[in-house]
Amino acid sequence: MLDIKFIKENKDLVALAAKKKRINFNVEDLIAVEADRVAIGQQVEELRSKQNKASEDIMGATPELKEQIIRTMTDLKSELKNKEEKLSETMKKWRELMLQVPNIPDMSVPEGNSDEDNVEIRKWGDVKEFDFTPKDHIEIMELANMVDFERGTKTAGFRGYFLKNDAALLEMAVWQYAMDRWSKKGFTPMLVPSLVRKEALVGTGYLPQGEEDLYSDGNEYFAGTGEVSTMYYHSDEVLDNLDNPLKYIVWSPCFRKEAGSHGKDVKGLVRVHEFYKVEQVVLCRASHEESVRLHEEITRNSEEMMEELGLPYHTVINCTGDLGQGQVKKYDIEVWMPSQNKYRETHSASYFHDYQARRLNIRYRDNDGKMKFAHSLNNTAAATPRLITAIIENYQNSDGTVTIPEVLVPYMQGKTVMGKNGQK
RNA sequence: GGAGGCGUGGCCGAGUGGUUUAAGGCACCUGUCUUGAAAACAGACGUGCGGCAACGUACCGUGAGUUCGAAUCUCACCGCCUCCGCCA
């Protein structure tokens, strides 16, 4: 959500933002409703003013005068009721439109239609050359009984899976490693709800637009990311001070219908309906510079983790068409997937300015004594099982085993190689 | 599941139908004093909307209602607390 004053004064900027983001939103509709809101609001206020005046007069009036005032008030009351109904209709439209206003992308964001127009800004690690024909993660994992897709779909339907043996341990090792790693950087570790109220999704900007990608009974929803409940955690709060940003490292199950992606990644663990994610969530002062600094910081945090894991990656800046409604700027980190011979997204780092905080009513008192809406950011730390497919494919050996990245060995009961213990 | 109580500004808290422009306190902000800070004192001090302004208007968990007039009365919903029951 943006400030209506800002929208009125910068409607061209908002219209351009919608165009750049390929979002169907007509700012003129909102401007028209806003004009109605102000005009009808003034009429209502005028009537109320009269009513208040009459109320005051009535107190000291003689019985006859009282009668007379009450008679004139009857007409005024029905007129007021009429206008109030009009106002509430207008407000409803106004709120609906306000929830659709796109945030303004940063100047540094390249223009484009889709992820194909994203621009590489960094690259790390050499793409591994195998002296044998590398397998994909499905083959490696099935060979050692680390995954069961057949029973997975039997149980959970399309994209269902069971992780078994060393893969089950590896997945938990990654979570533990990530939670430890970020805790040491001063992030507060949290386990958060995945089952959330609708308001939490509206507040973070996943609704009303993203309904088709969410599991729900229309009342409670399964969140697609831990960001949702972590942000809602502070809703309607006034934070003590934000001289030091609030930083959370959050683990949660994530649920996505992946509507519109039915044809993509139909096999394997790259795209599933139910996965787990360690996520960085940050709240900071209402300062663009602070947001930018922290955005770079949380991006680097994850890049450095990929380097520790020895996974070749590149980082792209997402083009305008690939930005969400509320995002100002976004970087994706993409890992090299040998079986697909391309980079695949593992992390997504974005900042929102006060877009989410406005919707969630998260404020703080700034050093000048004024109430302000906070800024918010988030980035993936480790999303599994997608991340472990990358580990498995990049670290595979010719005999079908997988070498465990050094940093994960302590979390794998000291094991250095996996894939031998499974039994069919 | 049963019974009772409660929901007021950043926080605490008064207020049970009509100067409430929401008392009072704390915090925040600005001054004075100080090398600096603290303390003390003084001042300012909720938020939204309209208006150049004076000012007007709304907001007391949410929504509806009663009334000339609602923070205050009624109903519904949401949330919290206490006790009992149930489970562990």
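Within every chain, numbering begins at 1; the chains are lettered A, B, ... in the order of the sequence lines, protein sequences first and strands thereafter. Keep in mind that this is a model prediction, so the values were computed, not measured.
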For B:U47, take OP1 and OP2 only and decide whether either is under 4.0 Å from a side-chain N or O of A:Lys370.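 No, A:Lys370 has no side-chain N/O under 4.0 Å of OP1/OP2 on B:U47.
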Phosphate OP1/OP2 of B:G50 contacted by A:Lys8 side-chain N/O (<4.0 Å):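 A:Lys8 to B:G50 OP1/OP2: side-chain N or O found under 4.0 Å.
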Can you tell me the Watson-Crick or wobble partner of [N], both distances under 3.5 angstrom?
{"N": "B:G50", "value": "B:C55"}
{"N": "B:G1", "value": "B:C84"}
{"N": "B:A64", "value": "B:U74"}
{"N": "B:G31", "value": "B:C41"}
{"N": "B:A23", "value": "none"}
{"N": "B:G79", "value": "B:C6"}

Pair A:Thr315-A:Glu303, side-chain donor/acceptor within less than 3.5 Å: yes
Base, sugar-phosphate alone, or nothing: which one does A:Ile58 contact when heavy atoms must sit under 4.0 Å apart?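 If one applies the 4.0 Å heavy-atom cut-off, A:Ile58 turns out to touch a base.
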So what does A:Arg363 touch, heavy atoms closer than 4.0 Å: a base, only the sugar-phosphate, or nothing? sugar-phosphate
Atom [atom1] of [X] and atom [atom2] of [N]: how far apart are they, to the nearest Å?
{"X": "A:Ile4", "N": "B:U47", "atom1": "CD1", "atom2": "P", "result": "20 Å"}
{"X": "A:Trp94", "N": "B:G50", "atom1": "CH2", "atom2": "C1'", "result": "14 Å"}
{"X": "A:Lys81", "N": "B:A64", "atom1": "NZ", "atom2": "P", "result": "11 Å"}
{"X": "A:Asp236", "N": "B:G79", "atom1": "CG", "atom2": "P", "result": "15 Å"}
{"X": "A:Ile362", "N": "B:G10", "atom1": "CD1", "atom2": "C1'", "result": "16 Å"}
{"X": "A:Arg95", "N": "B:U62", "atom1": "CZ", "atom2": "P", "result": "13 Å"}
{"X": "A:Leu80", "N": "B:G65", "atom1": "CG", "atom2": "P", "result": "12 Å"}
{"X": "A:Arg37", "N": "B:G48", "atom1": "CZ", "atom2": "P", "result": "13 Å"}

Please report the distance separating the [atom1] of [N] from the corresponding atom of [M], rounded so that it comes out in whole Å.
{"N": "B:G85", "M": "B:G79", "atom1": "P", "value": "25 Å"}
{"N": "B:G4", "M": "B:C77", "atom1": "P", "value": "15 Å"}
{"N": "B:C45", "M": "B:G10", "atom1": "C1'", "value": "12 Å"}
{"N": "B:G7", "M": "B:C12", "atom1": "C1'", "value": "14 Å"}
{"N": "B:G15", "M": "B:U21", "atom1": "C1'", "value": "16 Å"}
{"N": "B:G61", "M": "B:A71", "atom1": "P", "value": "11 Å"}
{"N": "B:A54", "M": "B:G50", "atom1": "C1'", "value": "14 Å"}
{"N": "B:U66", "M": "B:C75", "atom1": "C1'", "value": "11 Å"}

I need the full list of side-chain hydrogen bond (donor to acceptor under 3.5 Å, both in side chains) pairs touching residues 250-262 of chain A, with sequence neighbours left out, sorted by first then second residue. A:Glu258-A:Arg271
Can you name the side chain to side chain donor-acceptor pair (under 3.5 Å) partners of A:Asn394, sequence neighbours left out?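 A:Asn394: no side chain to side chain donor-acceptor pair (under 3.5 Å) contacts found.
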Are A:Arg293 and A:Glu290 ion-paired here, with the side-chain N under 4.0 Å from a carboxylate O? yes
Which one, B:G10, B:G50, B:G69, comes nearest to the side chain of A:Lys77?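 My answer, after comparing the listed nucleotides, is B:G69.
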To the side chain of A:Ile70, which of B:C68, B:G10, B:G50 is closest? B:C68
A:Thr416: what forms a side-chain contact (heavy atoms from CB on, under 4.5 Å) with it, not counting sequence neighbours?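 Partners of A:Thr416 by the side-chain contact (heavy atoms from CB on, under 4.5 Å) criterion, ordered by chain and then number, come out as A:Val409.
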Looking at residues at least two apart in the chain, or sitting in another chain, which of them share a side-chain contact (heavy atoms from CB on, under 4.5 Å) with A:Glu96?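 Once residues adjacent in sequence are excluded, the partners of A:Glu96 under the side-chain contact (heavy atoms from CB on, under 4.5 Å) criterion are A:Lys92.
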Between A:Arg359 and A:Phe352, is a side-chain contact (heavy atoms from CB on, under 4.5 Å) present by the stated rule, with each step listed? CA-CA 12 Å; A:Arg359 290 177 168 231; A:Phe352 297 80; over 6 Å; no
With salt bridge (charged side-chain N to carboxylate O under 4.0 Å, His left out) as the rule and sequence neighbours excluded, what pairs involving residues 79-90 of chain A come up? A:Arg48-A:Glu84
Intermediate values then yes/no, salt bridge (charged side-chain N to carboxylate O under 4.0 Å, His left out), A:Lys5 and A:Glu9: CA-CA 6 Å; A:Lys5 275 186 192 159; A:Glu9 285 163 15; over 6 Å; no
What string of B, S and - do you get for nucleotides 51-60 of chain B, 5' to 3', if B is base contact, S is sugar-phosphate-only contact and - is no contact with any protein heavy atom under 4.0 Å? -----BSS--
